[in-house]
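See below for the structure under consideration.
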Amino acid sequence: MSKRARGARRLASLLTTESGTYVRIYYDRQIRRYRVVWAKGPEVAQMFTYARDFRSEVPDVDISTLLWDRASK
């Protein structure tokens with residue numbers, strides 16, 4: 001597993017704990033980017049703010065390139 005993949009998993013765990021909702025981050029091969037997916041809980045802007053706060057803990061993940069995908073159901 002690459003450093004970036006490990007960082008993505010770590011970030012998902014941190015976001016899950018911080019937001020109180022299950023967060024999954026996976027590499028979407030069709031768009032060649034990591035996608036952050038969750039349902040319920042915080043809006044995209046708030047989740048991005050949480051991620052920004054964790055940048056130092058996941059230095060191999062470029063927060064600005066993630067695709068933020070909150071399910072509406």
Side-chain angles (χ1 to χ4, degrees):
M1 182 180 298
S2 71
K3 286 183 180 182
R4 189 168 53 174
R6 276 193 301 275
R9 289 179 70 158
R10 174 74 176 135
L11 180 59
S13 176
L14 292 167
L15 292 174
T16 294
T17 300
E18 186 70 21
S19 68
T21 191
Y22 177 69
V23 177
R24 188 171 85 116
I25 301 177
Y26 69 95
Y27 188 75
D28 187 327
R29 292 177 189 209
Q30 289 184 327
I31 61 172
R32 302 171 99 180
R33 288 172 64 185
Y34 278 90
R35 183 184 294 264
V36 184
V37 180
W38 72 100
K40 301 182 266 178
E43 296 293 327
V44 171
Q46 183 62 53
M47 196 65 82
F48 182 80
T49 300
Y50 291 152
R52 229 182 33 218
D53 294 342
F54 294 124
R55 278 184 299 200
S56 64
E57 295 191 46
V58 289
D60 295 311
V61 178
D62 183 355
I63 305 297
S64 66
T65 63
L66 299 174
L67 178 63
W68 300 88
D69 190 7
R70 182 181 184 268
S72 59
K73 292 182 180 181

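Everything quoted here is computed from the prediction, not taken from an experiment. All values below come from the heavy atoms of this structure, side chains included, with hydrogens, waters and symmetry mates left out. All residue numbers in this chain count up from 1 along the given sequence.
- Both Ile63 and Trp38 are members of a single hydrophobic cluster when ILVMFWY side chains are connected at heavy-atom separations under 4.5 Å.
- Counting heavy atoms from C-beta outward, Tyr34 and Thr65 have side chains that stay 4.5 Å or more apart.
- Put simply, the side chain of Glu18 does not reach to within 4.5 Å of the side chain of Leu15, judged on heavy atoms.
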Donor-acceptor contacts under 3.5 Å from residues 25-32 side chains, at least two apart:
{"unit_1": "Tyr26", "atom_1": "OH", "unit_2": "Arg35", "atom_2": "NE", "d": "3.3"}
{"unit_1": "Tyr27", "atom_1": "OH", "unit_2": "Arg32", "atom_2": "O", "d": "3.4"}
{"unit_1": "Asp28", "atom_1": "OD1", "unit_2": "Gln30", "atom_2": "N", "d": "3.0"}
{"unit_1": "Asp28", "atom_1": "OD2", "unit_2": "Arg35", "atom_2": "NE", "d": "3.0"}
{"unit_1": "Asp28", "atom_1": "OD2", "unit_2": "Arg35", "atom_2": "NH2", "d": "2.8"}

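- Note: Trp68 CH2 to Gln46 CD = 11.0 Å, rounded to the nearest 0.5 Å.
- In the hydrophobic clustering (ILVMFWY side chains linked at under 4.5 Å, chained through shared members), Tyr22 stands by itself.
- Distance CG/Asp69 to CZ/Arg24: 10.0 Å, rounded to 0.5 Å.
- A donor-acceptor pair is defined here as one N or O able to donate and one able to accept, closer than 3.5 Å; no such pair exists between the side chain of Arg4 and the backbone of Val61.
- Applying the 6.0 Å contact sphere to CZ of Arg55 captures no more than 12 heavy atoms from other residues, nucleotides or ligands.
- Evaluation of the side-chain hydrogen bond (donor to acceptor under 3.5 Å, both in side chains) rule for Ser64 yields Asp62 as partners, not counting sequence neighbours.
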Scan the side chains in residues 7-14 for donor-acceptor partners under 3.5 Å anywhere in the protein, sequence neighbours excluded, and list what turns up.
{"unit_1": "Arg10", "atom_1": "NH2", "unit_2": "Glu57", "atom_2": "OE1", "d": "3.1"}

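- The cluster map of Ile, Leu, Val, Met, Phe, Trp and Tyr, joined by side-chain heavy atoms under 4.5 Å apart, puts Val44 and Leu66 in the same cluster.
- By the ring pair (Phe, Tyr, Trp, His ring centres under 6.0 Å) test, Phe54 pairs with no residue at all, sequence neighbours left out.
- For Ser19, the side chain to side chain contact (heavy atoms under 4.5 Å, CB included) partners two or more places apart in sequence, or in a different chain, are Thr21, Val23, Pro42, Met47, Tyr50.
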